[in-house]
Each structure stands twice: as C-alpha cells, then as structure tokens.
**Q** 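Here it is, the structure, as structure tokens.
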Amino acid sequence: MIADLPPNSILWEGQTYSAHDWHEHLGITESDFQALIDEGVLRSDAESRKYRLDLVGFLFVRKRAFVVLPKIFCGRTDTSIIRDVISCIRTYRTRVKRRMRHAEASEILSFHDDKAKHIDLFLALVDWTSDRGFHSEDFESATDEPFDVNWNATMDHGIPLHIGKSVIYSEIVGRRIDYQFGALARLQARALLALHAQLKPVSLFWLNEHDPILDLAREINVNSPPRSGAFKDALEEVTTFLNVCNRDHDRELASILFDWLTDRPREAHKPAIFGTNAFHYVWEDICGVATLSLGSPTDHGSIASQPVYILQNTHKPTAGQKPDALRGNQAGLSILDAKWYDVATGDVPGVQDIVKQLMYELSIRDSTPVRHNAFLVPMTEKIPPLRVFGRAEMRANNEIDVRFKPVQIIGVSWEKAVSLYCKTSGKIQPNALDWTSIEESKG
C-alpha cells in the first residue's frame, strides 16, 4: 500500500450505495451522476433503490481520480494488484483492437478509454526515465589529463619529436566529455510532473511523491521554469530533434513528448473513464491465453450433434451450440467456460450455465474423449496456480445421477494468469499453466 494515496480513492467492483451516498463519496454533481448511469458505470437496483458500481479500471471526475479494483480483491489495496489491473486492461484493449472485426459489438462498447492515451504516455515516460534517466546532451572540452587523447588537437598544438620510426609529441591534449540536461530533459521533466499530477492516484502506484525521479524532475523544472511561448518553442524543438536524431532510444523519447505536446490534457466537463464495465470479457480473454497449452480451438459442430427443428417434415437447423472455449489435442477435449465469479464467497454460476456445460459434453460423439469439462474462476491464491474448488453435479434424492458427469469448478491464479496474459504473443509460453495437476485431482 502506498502511503501517499488519497483517502477514499480505492473502490471495488460491485460496491452499492444510495444516490446520496455516491454523490458524497465521489464529490459529484447530479449531471455527473447521470453521466455515470448513462455510461453503465452505475446501475440501479429497483428493489433496494441503490446503485451498483459496474466498472474495473479508473474513474476521473471533478479533478479527482478513483481506482476501481476487481470484486475478488474487495478490501485489498495491494500495489501489485493495481499494477496488474492496469496491465491486463491495456493488454485487453490492444488485443480487442487487433481483432475488432471479429469482436462482439457488446465487447467493444463495454470498454472505455477516455484516459487511455494519457496513461500510456505516463507509463512510457516512466519506463524510459527509469531505464535511461533524464535526457542529457554531451559536449567536449580540452583537458591536460590525457585519459582520452584528442589526436587532432594534439597534432595541431604539440611539437612532434621523431625517434626512429616513432613520433612523440611534446604536448598531449586530452578530451573530456561532459553531460548536461538540455531542452529535451526539461520537457521530459515537465511532462512527467504534469501527467503524474493529472493521473493521481493511478500514477502513485509507479512513482510516489518522494520518488527520486520526481525529485530530480522538480529540480530540473525549478532551474528551467517554462517561459512565455514555451509550448510553441518546445513543439518546434521536438519536431526538429525528430528530423535529425538517428538514435532509436532518443527518438522514442522525442516521440513520447511530441504526442504529449500535441494531445495536451483538457479539463473534462463530464467524468472520464478508463476500463470496462464488462470485466468478464477480460477474464475470458485472460483464460483463453491460460489454456493455450490444452490444444487448438475445436469446432463443436464438427464433433457433436446439434439441435434441429422438424417442422411439417422440414428440417430447420439452429445456430448450434457454442461453448465458450473448446480446445483439443491428443489427450482429449477441454470444454471450458470462463466465469467472473468470486466462488470463495459463495458466488457461483447459475443453473443454465451448468445445463449448457452438461449438454456440450453429452452431445459429443463417444469416439472423442473429453479431458475437462469445467468453469474457470479467478483465484487470489498464488500457489498452486490451478486448484479444483469443487464441482457441479446432478442429483436426485441426494443421490448422484451417474448419467451426467460433474462439471468441475477450477480456480485459476489471478497473478499467474495475468502474468502470462500480459507477456503472451499468442503462443504457448514456456512457463504456461500445468494442467496435469488437474488431471491428477480428477483421478
């Protein structure tokens, strides 16, 4: 937990308050409140007359910022959790944009990225500065300490003494390279300070108020305060630098600063949101990566019977069954459904979800072995990365109905799954989840 974090700035998905309490807690006006309802961030409950927070991400309103954590972490404010949330939301945003044509409309519309660019710029600046420090310009001067000989100056000023085939100079001129912060460093410092202030408390999870990077940025800014016309001058300097610079890392910094200068934050008249009010889509995508080692995607229609209507001797096919995830390899099929439920608190999938999973398996041909039929739910424990929480089974008179195989409820470690998700390039990772442990638990 970071000490500088403003009070009441951490919220959790699913929190429920009355309209009055939300106004007080967020410090918002009636128009702000209505905007949050229109965006689907606050959803009303007709029975309780309260409003539930339906968001994972960040909410910026009335010069304040709030972090909204997943419901499985209710009551916790660990720095690592917040960093994970930012990482997986940014990864999800990138992956969805890549497959935009194929994504469901609801999946696209459920994502808000009002502050996405500012967050991206801030994190890019933090990474660059952490790796390389503030940009410095080198300049050369002469020295009588010849650790690095400037041969051109030595030959110009020294008297050559020829001894045999060798030449000795009476005076050696050395070269000293010094470094100083230039225009780019000053702009780098200004951008870091501005974005850090704008994105609080989000920014505090990377740089607290007393971080050495911020201290040096303030020192640079104090020694070189912005002057009249500084914005135009800075834009010209960065543009010129980009035209002449040929070092990749310097061009990277200049590009970040150019983007910041050409997209300066403006005071919003309505709440700004970064995140999603349908986090189950993100969890499905995370689980899609976590299950890559279970084999290739398989078409259910090619291995299973599908429902068909018979109307007056006419066959009318249906759209067919569509499991959330169906993967297969030589070991068999895995029928999986990622569920964003906090099973540890008794929050479990509904009856219809169970019936669908059972039907997915029952309709598969006998010649095709089924390895797993399971719900995948988030688990806050780190070890083991996979754990069977329990199962859903069919019973009659408290006796197991052996006609139906149980549906497992498998907990997937949030930390492990998010780590794989944010590092993946769509390929199986060397440290992918080991599903053999689940095989053993079934046995």
**Q** Looking at Thr94 and Arg90, would you say the former's side chain and the latter's main chain have a donor-acceptor pair under 3.5 Å?
**A** yes
**Q** If every non-hydrogen atom of Cys88 is compared with every non-hydrogen atom of Val418, which pair is closest and at what distance?
**A** CB-CG1, 4.1 Å
**Q** Under the side chain to side chain contact (heavy atoms under 4.5 Å, CB included) test, which residues partner Ser18, sequence neighbours left out?
**A** His20, Asp21
**Q** Checking Ser130 side chain against Val126 main chain: does a donor-acceptor pair fall under 3.5 Å?
**A** yes
**Q** Can you give me the closest heavy-atom contact between His249 and Trp128, atom names plus distance?
**A** O-NE1, 2.8 Å
**Q** Hey, is Lys71 close enough to Asp347 for a salt bridge, meaning N to O under 4.0 Å?
**A** yes
**Q** How long is the gap from CD1 on Ile286 to CG on Leu420, to the nearest 0.5 Å?
**A** 10.5 Å
**Q** Can you tell if the side chain of Arg371 reaches within under 4.5 Å of the side chain of Asn329, non-hydrogen atoms only?
**A** yes
**Q** Quick check against the 3.5 Å criterion: does Gln15 have a side-chain atom that pairs as donor or acceptor with the backbone of Trp12?
**A** yes
**Q** What closest approach, in Å, do Ala65 and Ser9 show between heavy atoms, and which atom pair accounts for it?
**A** O-CB, 3.9 Å
**Q** Any chance you could measure Leu333, atom CG, to Arg365, atom CZ, to the nearest 0.5 Å?
**A** 10.0 Å
**Q** Quick check: do Val238 and Leu184 have side-chain heavy atoms less than 4.5 Å from each other?
**A** yes
**Q** Could you tell me whether the side chain of Phe134 reaches within less than 4.5 Å of the side chain of Ile213, counting heavy atoms only?
**A** yes
**Q** Would Gln306 and His300 count as a side chain to side chain contact (heavy atoms under 4.5 Å, CB included) here? Give the steps.
**A** CA-CA 9 Å; Gln306 302 297 328; His300 191 264; 2.8 Å; yes
**Q** Quick check: does any side chain N or O of Trp22 sit under 3.5 Å from a backbone N or O of Tyr51, one acting as donor and the other as acceptor?
**A** yes
**Q** Less than 4.0 angstrom from a charged side-chain N to a carboxylate O is my criterion; do Arg132 and Asp250 meet it?
**A** no
**Q** With Ile354, which residues qualify under side chain to side chain contact (heavy atoms under 4.5 Å, CB included), at least two apart?
**A** Leu358, Phe375, Ala392
**Q** Do Val67 and Leu59 come close enough that some side-chain heavy atom pair is under 4.5 Å?
**A** no
**Q** Are the aromatic ring centres of Phe122 and Trp206 under 6.0 angstrom apart?
**A** no
**Q** Kindly indicate whether the side chain of Ile303, heavy atoms from C-beta on, has any atom under 4.5 Å from the side chain of Leu326.
**A** yes
**Q** Could you state the interatomic distance from OG (Ser203) to CG (Leu195), rounded to the nearest 0.5 Å?
**A** 9.0 Å
**Q** In terms of heavy-atom contacts, does CZ of Phe258 have more than 12 from other residues, nucleotides or ligands at under 6.0 Å?
**A** no
**Q** Any sub-3.5 Å donor-acceptor pair from Asn397's side-chain atoms to Glu399's backbone N or O?
**A** no
**Q** Phe60 versus Ile273: any side-chain heavy-atom pair under 4.5 Å?
**A** no
**Q** Parallel, tilted or perpendicular for His23 and Phe33, by the 30°/60° rule?
**A** tilted
**Q** Would you call the rings of Phe58 and Phe274 parallel, tilted or perpendicular, taking 30° and 60° as the class edges?
**A** parallel
**Q** According to the interplanar angle, ranging from 0 to 90°, do the rings of Trp283 and Trp340 count as parallel (below 30°), tilted (30 to 60°) or perpendicular (above 60°)?
**A** tilted
**Q** Indicate the atoms forming the closest heavy-atom contact of Leu69 with Arg76, along with that distance.
**A** CD1-O, 3.3 Å
**Q** If you measure only the distance, is there a donor-acceptor pair under 3.5 Å linking the side chains of Glu381 and Ser413?
**A** no
**Q** What's the separation between atom CG in Leu376 and atom CD1 in Ile409, rounded to the nearest 0.5 Å?
**A** 11.0 Å
**Q** For residues Pro271 and Leu36, report the shortest heavy-atom separation together with the two atoms involved.
**A** CB-CD2, 3.8 Å
**Q** Test Leu193 against His196 for side chain to side chain contact (heavy atoms under 4.5 Å, CB included), laying out the working first.
**A** CA-CA 5 Å; Leu193 293 171; His196 186 269; 5.7 Å; no
**Q** Is the Phe241 to His135 ring centre distance short of 6.0 Å?
**A** yes
**Q** With a 4.0 Å cut-off, would you call Lys50 and Asp45 a salt bridge?
**A** no
**Q** Tell me which one of Thr91, Asp285, Asp84 satisfies side chain to side chain donor-acceptor pair (under 3.5 Å) with Tyr421.
**A** Asp285
**Q** Is Thr318 reaching over with its side chain to a backbone N or O of Pro307, donor-acceptor style, under 3.5 angstrom?
**A** yes
**Q** Checking side chain to side chain contact (heavy atoms under 4.5 Å, CB included) for the pair Gln321/Met359: CA distance, chi angles, key distance, verdict?
**A** CA-CA 9 Å; Gln321 302 176 80; Met359 194 61 195; 3.4 Å; yes
**Q** Tell me whether the centres of the aromatic rings in His118 and Trp260 are closer together than 6.0 Å.
**A** no
**Q** Using side chain to side chain contact (heavy atoms under 4.5 Å, CB included) as the criterion, point out the one residue from Thr298, Val370, Asn373 that pairs with Ile364.
**A** Val370
**Q** Donor-acceptor pair, distance only, cut-off 3.5 Å: does the side chain of Ser334 make one with the backbone of Gly332?
**A** no
**Q** Does a donor on one side chain sit under 3.5 Å from an acceptor on the other, for Gln188 and Thr129?
**A** yes
**Q** Just verifying a value: how many Å separate Leu253 CG and Asp248 CG, rounded to the nearest 0.5 Å?
**A** 13.0 Å
**Q** Between Asp215 and Arg218 (salt bridge meaning N to carboxylate O under 4.0 Å), is one present in this structure?
**A** yes
**Q** Tell me whether Arg186 is salt-bridged to Glu237, with the criterion being a basic N under 4.0 Å from an acidic carboxylate O.
**A** no
**Q** Any salt bridge linking Arg247 with Glu252? Criterion: basic side-chain nitrogen under 4.0 Å from a carboxylate oxygen.
**A** no
**Q** As an exercise, state the distance from CG of Leu199 to CG of Leu204, rounded to the nearest 0.5 Å.
**A** 10.0 Å
**Q** Applying side chain to side chain contact (heavy atoms under 4.5 Å, CB included) to Ile72 and Val377, what does each step give before you reach the verdict?
**A** CA-CA 10 Å; Ile72 63 170; Val377 299; over 6 Å; no
**Q** So, Asp353 and Gln357: side-chain donor and acceptor under 3.5 Å apart, yes or no?
**A** no
**Q** Please answer whether the main-chain N or O of Asp401 pairs with a side-chain N or O of Arg395 as donor and acceptor at a distance below 3.5 Å.
**A** no
**Q** Tell me whether Asn277 contacts the main-chain N or O of Glu39 through its side chain, where contact means a donor paired with an acceptor under 3.5 Å.
**A** yes
**Q** Please check if the number of heavy atoms outside Arg391 that lie under 6.0 Å from its CZ is greater than 12.
**A** no
**Q** Of the non-hydrogen atoms in Ile220 and Ala185, which two are nearest, and what is the gap between them?
**A** CG2-O, 4.2 Å
**Q** Strictly below 4.0 Å, N to O, side chains only: are Asp32 and Arg62 in salt-bridge contact?
**A** yes
**Q** Does some side-chain heavy atom of Leu53 sit less than 4.5 Å from a side-chain heavy atom of Glu13?
**A** no
**Q** Could you tell me if the side chain of Lys423 sits less than 4.5 Å from the side chain of Ser419, heavy atoms only?
**A** yes
